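Comments concern the structure below.
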Amino acid sequence: MHPDSKKPAFQKVLVIDDNPTDRYIANRILQKYHFAEEIVLLESGTKALEYLKTLSDVPEELPQFIFLDIRMPEMDGFDFLDHFANLPQCIQEHCVILMLSTSSHPDDLNRIESSPYVYQFLNKPFDKSNMEELEKRFVSKRM
Amino acid sequence: MYNKLLERQLKRHFGNKSIPEELTEFLKTINASYEHYAQDRLMLERSIDISSEEMIELNNKLKEEGENLKLINNSLNEAQQIAKLSNWTWDFLSNRFTCSNEFYSIFEQSPSCLMNRYDDFLKFVHPEDQEKTLSILNESLQQKKDFAIQYRIITPSEQIKTVYSKGQVFIGKEGDVEKVYGITQDISARIIAEAKIKEGEDKFLTLFEKARDPILLLDDRQRFINCNNAAVKILGAQSKEEVINRLPKDFSPEYQPDGQLSSEKSKEMDRLAFTNGNTQFEWVHQRMDKSEFLVDVSLTLIPMEDKNILMVNWRDITARKKDEEELLRKNIELTKTNSELDRFVYSVSHDLRAPLRSMLGIIEISKEDTTDYIMLENLSMLKDSIHKLDGFISDILDYSRNSRLDVEHEPINFDDLLKDVTKNLKFMGTLNRPVDISFQVKNSQPVYTDKRRLNIILNNLISNAIRYQNSQNPNPFVGIEIDTSDTETGIIVKDNGIGIRSDLHTKIFNMFFRASEESVGSGLGLYIVKEAVERLNGKVMVESEPGQGSTFTVRIPNK
C-alpha cells in the first residue's frame, strides 16, 4: 500500500476524540493511506451519538468503523458504549468499534474485552499496520 | 477296832498281851479323840491344799498381769513416741514433777535431770512465747482452771519445736490446787504440714484472686458459688456477694446472638461440661448496668468430695472482636486506597503518555511529508527520545504497581505470554535490524503465578537483550527457555549482545544503575525485574562476558 495510489477500501469512518491533535493525526493518516472515502471527526461521544441517530434511517450512510478514544471529558469511551447499546440494532450491526488509548488499566482492558460491540483495542498512535490489518480482515470478508 | 494310830500305840505297850477290860471305856474315849484329830487334820490338809493351789493360781495371774502391764506400758511408750505425746503430773504438795519418757524426748533431756520447777521448764520456751505461756499457766493456777496452750520451745540441739500442752487441775479438800495432770505433744510436723498446705492454699487463692481473667465457680444447680475480683470487676458489681448465688442467665441478655434463649443455652452448655469434662464457646454477658460484653467461656469440671462443680473462665474478647473488625475495615480501606492509587498512577501515566503518542503520530505523518535526509534523521532522533521517555513512564508504572499490588495466582500459558511480549519488541533496537527471537517451553507443567509480574520480568529481560545487541555481531539473537518442574519455574533469557563486565554484575540490579554511557534505558528495568522476582519469592542471576553476551536466569517457586 502506497500513499496517494489507490481507491479507499471503505466508505466512511468516524473518529471520536476530544484531543484536536489526535483527531488531526487520525485524519491525516487515514487520508494518506486512503482508508476511507469519508472521514468524520467528532470531539465528543454525545455529538457522535447524535450523528449516528440521524443516520438510523439511512444505514448505508453509517460509518463502517468507529475509532473511539477511551479517555474523554463528560462522556468517556465506556459511557459511549453504554449509550451505543441503546441505539437501533441496524446501527449496532453496521458499525465496528475500535477503542484507542495510550496505557490502559487492566480493568479497562477487561471491560473492552467483555463488550460485545468492541472489535479491538489499539494503542495510540493509530498507524499504517493497523489499517492494513483491518483492510485484510474486513475487505476479504466482504469479498 | 480302834484308830490305827491308837492300835499301834497299844500294840507297842501291851504287845501280844490282852488289854485289860477296865481300860475299854477309857480307850473308847481316846479313840474318839484320835478320830477327831484325824478328821481335823484331813480338813487342815485339804484347806492347805486348796490355799496353795489358789496361791499358785494367784501367783500365775499376777505374773501374767505384770507382763500385761509391762506390755501395756511398752505399748503406751511406743504410742507416746509415735504421737510425740507425753503425759505428766505436777504435784504441788510434794513439788514433784513426774512425766513419761516421751516428755524427755520432746525436750531432749535425760530422765535423770528432773524438771520440777517452772524455771526448768521455762528456759526451753521460745523467748517470744514465754510471756504468753507464763501468763496462761499462772491464770490457770490462780483461777483453778484447766488450760490448753500452744507454744514453741528451743531444744538443746537448737531445734525449734511447736508443742501443745493441756493441763487439768486437781483441787484438794482444802480447795487448793494440789496437782496438775497434763499432756504435752510435739506438733511441729503438723504445724509444718499445715503451713505447707496453707502456703499452697494461699498460692492457689492468690492465683484465683489475682488472675487477670475472670474465674467463677458454678455448682450443679447452676449457681455461682465463688468468683474472683476480675469477675466482680467485669460484671460491674460492687462485691462478690452480688455475684454469688446468682445464675449465669442473670448476667446475660435474654437472647444470645444466635437467637437462643440465654437461660436455655447456658443450661445446655453446663450440661455439656458436666458430661464431657470441659467445653468452650463464645457468650454475650451483661454487666450490672445492662451493658454487654463478649467473652470466650471455658467450662472445666472440678470433682469435689461431695459434688462436682464447674470452673468458669472468661476471656473478654470484646476488644479483640473490635480490633478484628477495625482491622478488617482498615484492610478494606487500604485495599480501596490501593486501588484508587493504582487508578491514579494509571491516569497520570496515561496523561503523560498521551501527548507522547500524539508526537509519535505527528512524526509518522511528517516522515511521509518529506524526503529531506536531515529532516528524516532529526525525526528519527525525536522518535527515539519519545520512546525513551515513554519507556521511562512505563517503568515507573510497573515499579509502582509491583510494590503495591498483591501477588495473583493465575494459570500461565508461556507460549501465549511470550508471543504477546515479543510482538511489540521485535523492531525496537537502535540498529534498525530485526533480532532473531526464539523461545522454547519445556516440561509444560501447569504453572500458577502472577501473570502481570511475569510479563514485567520477561518484557524487561527481553527488551534489554534486544536493546544491547552487539553491532559487531551480524546475527543478533535472543533465546528464551522456560523450564517448569513440580517445584519451580526456570526462565533463561540468553543473548549474544554486548555483555556486562563482571565487576558490574552485582550493581546492575540497583535502582537507576546504568552500566555505561551507551545505556539508553531508565536505569529501572533490572531493578524492577529483581523487585518483581522477589515478590514472587524467586531469584534472578546473571552470567555475562563483554562481547560474548549475557544470560539471565530467573527461578520462581511454584505455588
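On a predicted model such as this, the values are computed, not experimentally measured, just so you know. Each chain gets a letter, A, B and so on, in the order the sequences are listed, and its residues count up from 1.
A distance of 9.0 Å separates CZ in A:R28 from CD1 in B:I362, rounded to the nearest 0.5 Å. A distance of 11.5 Å separates NZ of A:K32 from CD of B:E364, quoted to the nearest 0.5 Å.
By the 6.0 Å contact criterion, NZ on B:K451 is open, its count of non-hydrogen atoms from other residues, nucleotides or ligands being 12 or less. Within 6.0 Å of atom CD in A:E60, more than 12 heavy atoms from other residues, nucleotides or ligands are found, so the atom counts as buried in its surroundings. Residue B:M511 places its CE atom among more than 12 non-hydrogen atoms of other residues, nucleotides or ligands, all under 6.0 Å distant. For A:Q89, the CD atom counts as loosely surrounded, since its 6.0 Å shell holds 12 or fewer non-hydrogen atoms of other residues, nucleotides or ligands.
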(message) Does A:R71 form a side chain to side chain contact (heavy atoms under 4.5 Å, CB included) with B:D351? I'd like the steps, not just the answer.
(response) CA-CA 9 Å; A:R71 287 172 57 98; B:D351 290 350; 3.0 Å; yes
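For B:S394, no part lies under 4.5 angstrom from a heavy atom of chain A.
Every residue was checked against the side chain to side chain contact (heavy atoms under 4.5 Å, CB included) condition with B:L334, not counting sequence neighbours, and none meets it.
The heavy-atom pair separating B:G361 from A:I25 by the smallest distance is CA-CG2, 3.8 Å.
A salt bridge does not link B:R357 to A:D22: none of the charged nitrogens lies less than 4.0 Å from a carboxylate oxygen.
Contacts with chain A were tallied for B:I365, B:D390, B:L360; B:I365 has the most, counting heavy-atom pairs under 4.5 Å.
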